[in-house]
Chemist: 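Here you go, one structure.
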Amino acid sequence: MNLLPTESTKSMIQESIIRWFDANGRDLPWRTTSDPYEVLIAEMLLRRTTATAVARIYSAFIRRFERPERLARARVRTIASMVGTLGLQNLRARHLQQTAAHIVKEFKGSIPDTMEGLVNLPGVGVYVASAVLNFAFCRPSPLVDGNTIHLLSRLFELEFAGPADRNAWDFIASFELGGQNKAFYWGIIDLVAMVCLRRVPRCEICPLHEPCIWRHKNKPAFKTG
DNA sequence: CTCCTGATTT
DNA sequence: AAATCAGGAG
């Protein structure tokens, strides 16, 4: 376990991630909308699934179930047949239908904009709730997933028990994101998906190769060009 | 802690 | 073959 990075290191890394994302981030279908329903659906579909898998079915899903009212009335079997390629389809379909029904009944069809309201939805935990707050309501809220753990572990050689580790949430919450929380969190996800690959990380194109402790230990002869 | 559940990566 | 994937519920 290493020492925690200084505030100035964190600030520099944060800026690098945001700048890199603005220039290189993926243009995924659910990132071009801030409609809370569409964002919530995306996050529920993305649970334990890759973004590329969700990208294949997302538009068709939204077209078919345009509003919560539509989804609430659909049969679980029908929903499951549309999300079958993602895995967890029965569980996922049940949660989608129940959440839609809950939203129609308790919130008159609009998505709650508070952590408490969101985590009470079936199939919505702290991660999905926080993602909706960040990506739909532009409200900065700490967000930690497997990607975050992976990136932080390499950058700072910190050891976390996993995505549920309170220390990881506290650490990510200590960043001062201002209004750039979306670019920061999307940037972390995309860096792990495109650059900080698990087996062969592409340090030569990584915006964080300079401060990265893992890179210094594993590619000491790395030239910055 | 276990289970859910399958495509994809390693 | 095993781990992982924008985790959550029981």
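Convention: sequence-line order gives letters A, B, ...; per-chain numbering from 1. FYI, side chains are in, hydrogens and waters are out, and symmetry mates aren't considered; it's all heavy atoms of this structure. Predicted, not measured: the structure shown is a model, and the values here were computed from it.
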Chemist: Could you check Val192(A) against Val124(A) and say which one's nearest nucleotide on DNA chain C is further toward the 5' end?
Modeler: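 First, find each residue's nearest nucleotide; the 5'-ward one identifies Val192(A).
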Chemist: Do Phe184(A) and Ile172(A) have side-chain heavy atoms sitting under 4.5 Å apart?
Modeler: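 Yes; the side chains approach each other to less than 4.5 Å.
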Chemist: I want to check something: taking the side chain as every heavy atom from C-beta on, are Phe107(A) and Pro68(A) in contact at a cut-off of under 4.5 Å?
Modeler: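 Side chain of Phe107(A) against side chain of Pro68(A), heavy atoms only: no contact under 4.5 Å found.
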Chemist: Minimum heavy-atom separation for Ala183(A) to Asp22(A), with atom names?
Modeler: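 Taking every non-hydrogen atom into account, CB-OD1, 4.1 Å.
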Chemist: Mind checking the P distance from dT10(B) to dA6(C)? Whole angstroms is fine.
Modeler: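 Straight-line distance between the two P atoms is 11 Å.
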Chemist: Mapping Pro122(A) and Trp30(A) onto DNA chain C by nearest heavy atom, which one lands closer to the 5' end?
Modeler: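 Going by which nucleotide is closer to the 5' end, it is Trp30(A).
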Chemist: Using a cut-off of 6.0 Å, state whether more than 12 heavy atoms not belonging to Arg202(A) lie near its atom CZ.
Modeler: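 No, CZ of Arg202(A) has 12 or fewer neighbouring heavy atoms, counting only those of other groups under 6.0 Å.
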Chemist: Looking only at the aromatic ring of each residue, does the gap between the centers of Trp30(A) and Phe135(A) stay below 6.0 angstrom?
Modeler: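 No; Trp30(A) has its ring centre 6.0 Å or more from that of Phe135(A).
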Chemist: Going by atom types alone, do Thr49(A) and Arg92(A) pair a side-chain donor with an acceptor below 3.5 Å?
Modeler: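 A pair is found: one side chain offers a donor N or O, the other an acceptor, under 3.5 Å apart.
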Chemist: Taking any heavy-atom pair under 4.0 Å as a contact, classify Arg47(A): base, sugar-phosphate, or nothing.
Modeler: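 Base contact.
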Chemist: To the nearest Å, how far apart are Arg92(A) CZ and dG7(C) C1'?
Modeler: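 Interatomic distance, CZ of Arg92(A) to C1' of dG7(C): 9 Å.
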Chemist: Output the single nucleotide from dA6(C), dT4(C), dT10(B) whose closest atom is nearest the side chain of Ala51(A).
Modeler: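 The nucleotide sitting nearest to the side chain is dA6(C).
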Chemist: Sticking with atom P, work out how far dT5(B) lies from dA1(C), rounded to a whole angstrom.
Modeler: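 Looking at atom P only, dT5(B) and dA1(C) are 23 Å apart.
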Chemist: Are OP1 or OP2 of dT8(B) and a side-chain N or O of Arg56(A) less than 4.0 angstrom apart?
Modeler: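 Yes, because at least one side-chain N or O of Arg56(A) sits under 4.0 Å from OP1 or OP2 of dT8(B).
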Chemist: Report the secondary structure of DNA chain B in dot-bracket form, marking unpaired bases with a dot and bases paired to a different strand with |, and treating Watson-Crick or G-U pairs with both distances under 3.5 Å as paired.
Modeler: ||||.|||||
Chemist: Any idea which of dT5(B), dA6(C), dG7(C) is nearest the Leu88(A) side chain?
Modeler: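 Output: dT5(B).
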Chemist: Are Asp35(A) and Arg67(A) close enough for a salt bridge, meaning some N to O gap below 4.0 Å?
Modeler: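 Salt bridge flag = yes for Arg67(A) with Asp35(A).
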Chemist: Just label dA7(B) as syn or anti from its O4'-C1'-N9-C4 or O4'-C1'-N1-C2 angle, using within 90° of 0 for syn.
Modeler: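 Nucleotide dA7(B) adopts anti.
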Chemist: Looking only at the side chain of Val128(A) (C-beta and beyond, no hydrogens), which of the listed nucleotides dA6(C), dG8(C), dT5(B) gets closest?
Modeler: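 So the side chain of Val128(A) is nearest to dG8(C).
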Chemist: Between dA3(C) and dC3(B), how far apart are the two P atoms, rounded to whole Å?
Modeler: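 Each nucleotide's P atom is 15 Å from the other's.
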Chemist: Taking everything shown except Arg70(A) itself, do over 12 heavy atoms lie less than 6.0 Å from its CZ?
Modeler: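 Atom CZ in Arg70(A) is not crowded, with 12 or fewer foreign heavy atoms closer than 6.0 Å.
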Chemist: Can you tell me the distance, in whole Å, between the CG atom of Leu118(A) and the P atom of dA6(C)?
Modeler: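 The distance from CG of Leu118(A) to P of dA6(C) comes to 21 Å, rounded to the nearest Å.
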Chemist: Looking only at side-chain atoms of Trp186(A), point me to the closest of dA6(C), dG6(B), dG8(C).
Modeler: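 Per side-chain heavy atoms of Trp186(A), the pick is dA6(C).
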Chemist: Considering just the side-chain nitrogens and oxygens of Asn90(A), establish if one lies under 4.0 Å of OP1 or OP2 belonging to dC4(B).
Modeler: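 Answer no for this pair, as no side-chain N or O of Asn90(A) is under 4.0 Å from OP1 or OP2.
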Chemist: Please state the P separation for the pair dG8(C) and dT9(B) - nearest whole angstrom.
Modeler: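 Nearest-Å result for dG8(C) against dT9(B) at atom P: 23 Å.
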Chemist: For Leu197(A) and Thr85(A), find the nucleotide of DNA chain B closest to each by heavy atoms; which residue's nucleotide sits nearer the 5' end?
Modeler: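 This one resolves to Thr85(A).
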Chemist: Within 45° of the ring axis of Phe171(A) and under 6.0 Å from its six-membered ring centre, is that where the NZ or CZ of Lys10(A) lies?
Modeler: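 The answer is yes; both the distance and angle limits are met.
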Chemist: With a non-hydrogen cut-off below 4.0 angstrom, is Leu121(A) in contact with a base, only sugar-phosphate, or nothing?
Modeler: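 The residue Leu121(A) makes sugar-phosphate contact but no base contact.
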Chemist: Taking OH from Tyr127(A) and P from dG8(C), how many angstroms apart are they, rounded to a whole number?
Modeler: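 So the two atoms are 9 Å apart, to the nearest Å.
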Chemist: Just the rounded figure in Å: distance from P of dG6(B) to CG of Leu45(A).
Modeler: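 These atoms are roughly 16 Å apart.
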Chemist: With no angle test and no hydrogens, is the base of dA6(C) tied to the side chain of Arg31(A) by a donor-acceptor pair under 3.5 Å?
Modeler: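 Result: at least one qualifying N/O pair found.
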Chemist: Rounding to an integer number of Å, can you tell me how far Arg94(A) CZ sits from dG7(C) P?
Modeler: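 These atoms are roughly 19 Å apart.
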Chemist: Provide, to the nearest angstrom, the distance between the CD atom belonging to Gln89(A) and the P atom belonging to dA7(B).
Modeler: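 Gln89(A) atom CD is separated from dA7(B) atom P by 8 Å.
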Chemist: Choose from dC4(B), dT10(B), dA6(C) the nucleotide whose nearest atom is closest to any side-chain atom of Asp145(A).
Modeler: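 When the side chain of Asp145(A) is considered, dA6(C) is the closest of dC4(B), dT10(B), dA6(C).
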Chemist: Would you kindly give the CG-to-C1' distance between Leu46(A) and dG8(C), to the nearest whole Å?
Modeler: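 My rounded result for the distance is 15 Å.
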Chemist: Starting from P on dA6(C), measure out to CG on Leu151(A) and report it in whole angstrom.
Modeler: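 To the nearest whole Å, that distance equals 13 Å.
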